[in-house]
Q: 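One structure coming up, written as structure tokens, with questions to follow.
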Amino acid sequence: MKKLLMGVLLLAAFAGTSATAQDRDDGGWRARKHDVRNDYRDRRADWRDIRRDQHSIAQDRAELRRDYAVGNYAAARRERAEIRAKQRDLRHDYRDVRRDNRDIYRDQHAWGWR
């Protein structure tokens, strides 16, 4: 009985201390400013990736046209798969840019986190 009572008391003590813990934003405006800076940097990197992917897709399309012209259909199938993968990556990059834009807007207006 004593062990059970001590276990319950310890459990209540641990539950009470963890319930009073708070997740505070002690950084204030400096942390938000730094977060906005990181969002801008991330967005620039995403646009750089988008330009690279677009250029790569254009090259793959030229290779696809060349493969069709010479009748190399196996290589054309591989090129189509590469183009699809790069277009999928391009969609992810565009989505990431939209997310960064939303984060920048929210951080500038101090509307909290996501």
Q: Taking atom CD of Q54 and atom CG of D93, what is their separation to the nearest 0.5 Å?
A: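 One gets 10.0 Å once the value is rounded to the nearest 0.5 Å.
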Q: Linking I/L/V/M/F/W/Y whenever any side-chain heavy atoms sit under 4.5 Å apart, do V97 and I104 land together?
A: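 No: no chain of side-chain contacts under 4.5 Å links V97 to I104.
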Q: Give me the one residue out of Q59, E63, R65 that meets side-chain contact (heavy atoms from CB on, under 4.5 Å) with R61.
A: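 So, applying the side-chain contact (heavy atoms from CB on, under 4.5 Å) to R61 and each of Q59, E63, R65, only R65 qualifies.
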Q: Is the number of heavy atoms from other residues, nucleotides or ligands under 6.0 Å of R80 CZ greater than 12?
A: yes
Q: Same cluster for V70 and I83 if Ile/Leu/Val/Met/Phe/Trp/Tyr side chains link at under 4.5 Å?
A: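 No.
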Q: Could you give the distance from CZ (R66) to CG (N72), rounded to the nearest 0.5 Å?
A: 11.0 Å
Q: How far does CZ of R91 sit from NZ of K86, to the nearest 0.5 angstrom?
A: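 If we round to the nearest 0.5 Å, R91:CZ and K86:NZ are 14.5 Å apart.
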Q: Identify the two heavy atoms, one from A76 and one from D67, that lie closest to each other, and give their separation to 0.1 Å.
A: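 Of all heavy-atom pairs spanning A76 and D67, the closest is N-OD2, 3.8 Å.
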Q: For the CZ atom of R51 and the CG atom of D46, what is their distance to the nearest 0.5 Å?
A: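 Going from CZ on R51 over to CG on D46, the span is 10.5 Å.
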Q: Just wondering, do D42 and D96 contact through their side chains at under 4.5 Å, heavy atoms?
A: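 D96 reaches D42 side chain to side chain.
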Q: Rounded to the nearest 0.5 Å, how far does CG of D39 lie from CZ of R102?
A: 10.5 Å
Q: Taking the inter-plane angle between the rings of W47 and Y94 on a 0 to 90° scale, is it parallel (under 30°), tilted (30 to 60°) or perpendicular (over 60°)?
A: perpendicular
Q: Roughly how far, to the nearest 0.5 Å, is the CG atom of D60 from the NE2 atom of H55?
A: 10.0 Å
Q: Taking all non-hydrogen atoms of both residues, which atom of H92 and which atom of R95 are closest, and how far apart?
A: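 For H92 versus R95, the nearest heavy atoms are ND1-NH1, 3.1 Å.
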Q: Looking at R52 and D49, does any basic side-chain N land under 4.0 Å from a carboxylate oxygen?
A: yes
Q: Considering non-hydrogen atoms only, spot the tightest contact between I57 and Q87 and give its length.
A: CD1-CG, 3.7 Å
Q: Testing the 3.5 Å rule here: is there a donor-acceptor pair between the side chains of N101 and R98?
A: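 No donor-acceptor contact under 3.5 Å links the two side chains.
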Q: Tell me the closest heavy-atom pair linking E79 and L64, and the distance in Å.
A: CB-CD1, 4.0 Å
